[in-house]
Amino acid sequence: MTALLKTTQINYYHTKSPFTSVKVSVGSPKEQLLNVLHSQNVNPFLNVTFLYAKFNSLGFYKNQQSSNSNILFNSNYTSKFDPSHLSNSS
């Protein structure tokens, strides 16, 4: 699992109402996944999105524990006069 998100993995949203998704998965041996996504339009043209992803595993052997986290904040702006849009990720 890579610690960095690629630009092709980033989704941009345009929602009519706030959207939140929480996904939790617990596996063996003591493997945990957590994904939290929240997206909403601040006004009719500007959307903001927050994503948090966490992966934990103790591993099968001693000292094999791994932990990865991703945090993403992005926004996109769509003009009412121009169908193209401006996007930003950090």
Side-chain angles (χ1 to χ4, degrees):
M1 178 178 215
T2 179
L4 297 175
L5 289 172
K6 298 177 184 175
T7 54
T8 56
Q9 295 174 299
I10 299 172
N11 295 321
Y12 295 95
Y13 299 90
H14 183 76
T15 61
K16 295 184 184 217
S17 63
F19 172 78
T20 302
S21 171
V22 178
K23 297 178 184 176
V24 177
S25 177
V26 178
S28 65
K30 299 191 180 183
E31 179 180 276
Q32 298 143 359
L33 298 161
L34 170 67
N35 287 7
V36 178
L37 169 72
H38 179 77
S39 182
Q40 74 180 62
N41 281 23
V42 178
N43 63 42
F45 308 107
L46 178 63
N47 176 272
V48 293
T49 301
F50 171 78
L51 171 70
Y52 176 74
K54 177 87 173 161
F55 171 78
N56 265 343
S57 177
L58 290 180
F60 289 103
Y61 304 105
K62 187 177 178 179
N63 299 325
Q64 195 184 18
Q65 181 176 356
S66 66
S67 179
N68 293 314
S69 297
N70 288 319
I71 297 176
L72 170 76
F73 176 80
N74 73 24
S75 61
N76 62 345
Y77 181 83
T78 305
S79 169
K80 65 180 178 180
F81 300 112
D82 184 8
S84 64
H85 65 277
L86 178 66
S87 300
N88 180 27
S89 295
S90 59

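On a predicted model such as this, the values are computed, not experimentally measured, just so you know.
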Please tabulate, for side-chain N and O atoms in residues 33-50, each donor-acceptor pair with protein atoms closer than 3.5 Å (sequence neighbours left out).
| residue | atom | partner | partner atom | Å |
| --- | --- | --- | --- | --- |
| H38 | ND1 | F19 | O | 3.4 |
| H38 | ND1 | T20 | OG1 | 2.6 |
| H38 | NE2 | Q40 | OE1 | 2.8 |
| S39 | OG | N47 | OD1 | 3.4 |
| S39 | OG | N47 | ND2 | 3.3 |
| S39 | OG | T49 | OG1 | 3.1 |
| N41 | OD1 | T15 | N | 3.2 |
| N41 | OD1 | N47 | ND2 | 2.7 |
| N41 | ND2 | H14 | ND1 | 3.2 |
| N41 | ND2 | T15 | O | 3.3 |
| N43 | OD1 | F45 | N | 2.8 |
| N43 | OD1 | L46 | N | 2.8 |
| N47 | OD1 | T49 | OG1 | 3.1 |
| N47 | ND2 | Y13 | O | 3.4 |
| N47 | ND2 | Q40 | O | 3.2 |
| T49 | OG1 | N74 | OD1 | 3.4 |

Euclidean distance, Q64 CD relative to S66 OG, rounded to 0.5 Å: 7.5 Å

Nearest 0.5 Å please: distance from the CD1 atom of I10 over to the CG atom of L72.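 The distance works out to 5.0 Å.
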
Show your reasoning for whether side chain to side chain contact (heavy atoms under 4.5 Å, CB included) applies to Y12 and S75. CA-CA 8 Å; Y12 295 95; S75 61; over 6 Å; no

Applying side-chain contact (heavy atoms from CB on, under 4.5 Å), name anything that partners S67, two or more places apart in sequence or on another chain.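 With sequence neighbours excluded, S67 shows a side-chain contact (heavy atoms from CB on, under 4.5 Å) to K54, N56, given in chain and number order.
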
